[in-house]
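Written out below as structure tokens is the structure these notes cover.
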Amino acid sequence: MWRLQYLVKEFRWWSFLSFMLFSLGCVTASELTFELPDNAKQCFYEDITQGTKCTLEFQVITGGHYDVDCRLEDPDGIVLYKEMKKQYDSFTFTATRNGTYKFCFSNEFSTFTHKTVYFDFQVGDDPPLFPNVNGATALTQMESSCVSIHEALKSVIDYQTHFRLREAQGRSRAEDLNSRVAYWSVGEAVILLVVSIGQVFLLKSFFSDKRTTTTRVGS
């Protein structure tokens with residue numbers, strides 16, 4: 001009998017855990033990493049209903065001074081957010097009307113370098129983990145544990161994203177530094193070779209025997 005009760009508890013636990021993971025993957029969000037060429041501008045669009053809380057977060061991973069221009073507009077073209085040459089930032093707002101919101105990233109100030117940009121645009125709050133439970137109903141110990149694990153998993157996902165971006169940015173800087181060191185080493189080797197050859201010819205000219213010729217004038 002105790003074995004059957006144990007299996008029932010295990011089944012309920014994994015059912016709650018599976019539902020929790022499913023709901024975690026159903027959060028409405030747009031996450032993308034893209035390349036932004038020099039002298040270019042890239043815009044994205046999102047349909048948002050009135051009263052929805054949204055958050056825009058972006059970070060430049062590679063390219064130049066790791067900065068980019070960002071601009072966010074509502075359906076009427078009113079600028080809600082505008083920053084110039086930012087490496088990373090986060091902006092939270094509440095939609096004042098229904099319609100299509102536009103946010104753009106610009107690299108038009110850069111002439112030679114292209115950028116790699118990551119952004120995360122979250123629309124709305126997370127769906128409730130237990131939609132059938134209202135605020136007046138107390139959660140069971142298992143449900144409370146599921147809620148705690150759910151919040152912990154969201155934090156883990158945020159930390160993983162953050163560290164992946166930091167790792168990509170650090171790798172890009174390391175590769176750029178390695179290329180500069182390699183070019184500098186080749187340049188030093190060429191200069192050293194030229195100076196060595198020049199010194200050899202200079203020393204040779206100091207110790208070379210100069211033959212003198214005499215001419216007799218007969219009477």
Side-chain angles (χ1 to χ4, degrees), residues 16-64 66-110 113-135 146-147 149-169:
F16 278 120
L17 186 59
S18 300
F19 176 77
M20 177 190 60
L21 294 175
F22 175 76
S23 62
L24 185 64
C26 294
V27 177
T28 303
S30 299
E31 188 176 1
L32 182 65
T33 302
F34 66 97
E35 289 192 0
L36 186 63
D38 53 283
N39 295 318
K41 180 179 179 181
Q42 185 70 41
C43 294
F44 302 89
Y45 303 86
E46 185 75 24
D47 292 331
I48 306 174
T49 57
Q50 184 178 359
T52 304
K53 185 179 180 180
C54 307
T55 301
L56 173 62
E57 182 179 0
F58 68 92
Q59 179 178 346
V60 181
I61 302 176
T62 62
Y66 302 90
D67 53 357
V68 72
D69 297 341
C70 183
R71 181 187 180 98
L72 174 65
E73 299 179 358
D74 67 358
D76 295 330
I78 300 176
V79 178
L80 303 178
Y81 172 83
K82 181 180 179 181
E83 289 292 340
M84 310 294 289
K85 295 184 178 180
K86 294 285 290 186
Q87 294 183 352
Y88 59 89
D89 202 4
S90 179
F91 176 70
T92 301
F93 68 99
T94 302
T96 57
R97 58 165 299 173
N98 299 330
T100 302
Y101 287 72
K102 179 177 72 172
F103 56 99
C104 301
F105 298 96
S106 175
N107 193 30
E108 295 175 334
F109 60 87
S110 179
T113 59
H114 71 281
K115 312 290 177 60
T116 302
V117 183
Y118 161 85
F119 74 86
D120 182 13
F121 192 67
Q122 298 181 359
V123 179
D125 298 326
D126 295 341
L129 191 59
F130 302 100
N132 297 328
V133 178
N134 52 30
C146 289
V147 172
I149 296 176
H150 177 76
E151 297 298 328
L153 285 176
K154 290 198 301 182
S155 300
V156 169
I157 292 175
D158 293 337
Y159 279 117
Q160 283 182 338
T161 302
H162 173 73
F163 285 116
R164 280 200 302 266
L165 294 176
R166 292 291 299 272
E167 188 271 335
Q169 191 177 64

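All values below come from the heavy atoms of this structure, side chains included, with hydrogens, waters and symmetry mates left out.
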Which pairs count as disulfide bond (SG atoms under 2.5 Å apart) when at least one residue sits in residues 70-109, sequence neighbours excluded?
Cys43-Cys104

Side chain to side chain donor-acceptor pair (under 3.5 Å) partners for Asp47, two or more places apart:
Thr100

For the atom pair CD (Gln50) and OG1 (Thr96), what is the distance rounded to the nearest 0.5 Å?
7.0 Å

Rounding to 0.5 Å, atoms OH (Tyr118) and CZ (Phe34) come to a distance of 12.0 Å

What residue pairs, at least two apart or across chains, pass salt bridge (Lys or Arg N to Asp or Glu O under 4.0 Å) with a residue in residues 77-95?
none

Under 6.0 Å between ring centres, would you say that holds for Phe58 and Phe103?
no

Partner residues of Thr62 under the side-chain contact (heavy atoms from CB on, under 4.5 Å) criterion, sequence neighbours left out
Thr116, Ser172

Residues in side-chain contact (heavy atoms from CB on, under 4.5 Å) contact with Pro75, at least two apart in sequence or another chain
Arg97, Tyr101

Go through the structure and list residues passing side-chain contact (heavy atoms from CB on, under 4.5 Å) with Glu57, not counting sequence neighbours.
Ser90

Ring centres under 6.0 angstrom apart (Phe93, Tyr81)
no

OG1 (Thr33) and CD1 (Ile61) are apart, to the nearest 0.5 Å, by 4.5 Å

Rounded to the nearest 0.5 angstrom, the CG-CD1 distance for Asn98 and Ile48 is 10.0 Å

Which residues share a side chain to side chain donor-acceptor pair (under 3.5 Å) with Asp67, sequence neighbours left out
Lys115

Which residues pass the ring-ring contact (aromatic ring centres under 6.0 Å, His included) test with Phe109, sequence neighbours left out?
none

Is the side chain of Asp76 donor-acceptor paired with the backbone N or O of Ile78 at a distance under 3.5 Å, no angle test?
no

Can you list everything that forms a side-chain contact (heavy atoms from CB on, under 4.5 Å) with Tyr88? Sequence neighbours excluded, please.
Gln59

Residues at least two apart in sequence or cross-chain that pass side chain to side chain donor-acceptor pair (under 3.5 Å) with Gln87, listed by chain then number, are none

Note: Thr92 and Lys53 closest approach over all heavy atoms is CG2-CE, 3.6 Å

List for me each residue that meets ring-ring contact (aromatic ring centres under 6.0 Å, His included) alongside Tyr66, sequence neighbours excluded, and say none if there are none.
none

What orientation do Phe105 and Phe44 show, parallel under 30°, tilted 30 to 60°, or perpendicular over 60°?
perpendicular

Donor-acceptor under 3.5 Å (Asp38 side chain, Thr113 main chain)
no

Set of residues satisfying side chain to side chain donor-acceptor pair (under 3.5 Å) with respect to Thr49, sequence neighbours excluded
Thr52

What's the separation between atom CD in Glu108 and atom CG in Leu36, rounded to the nearest 0.5 Å?
9.0 Å

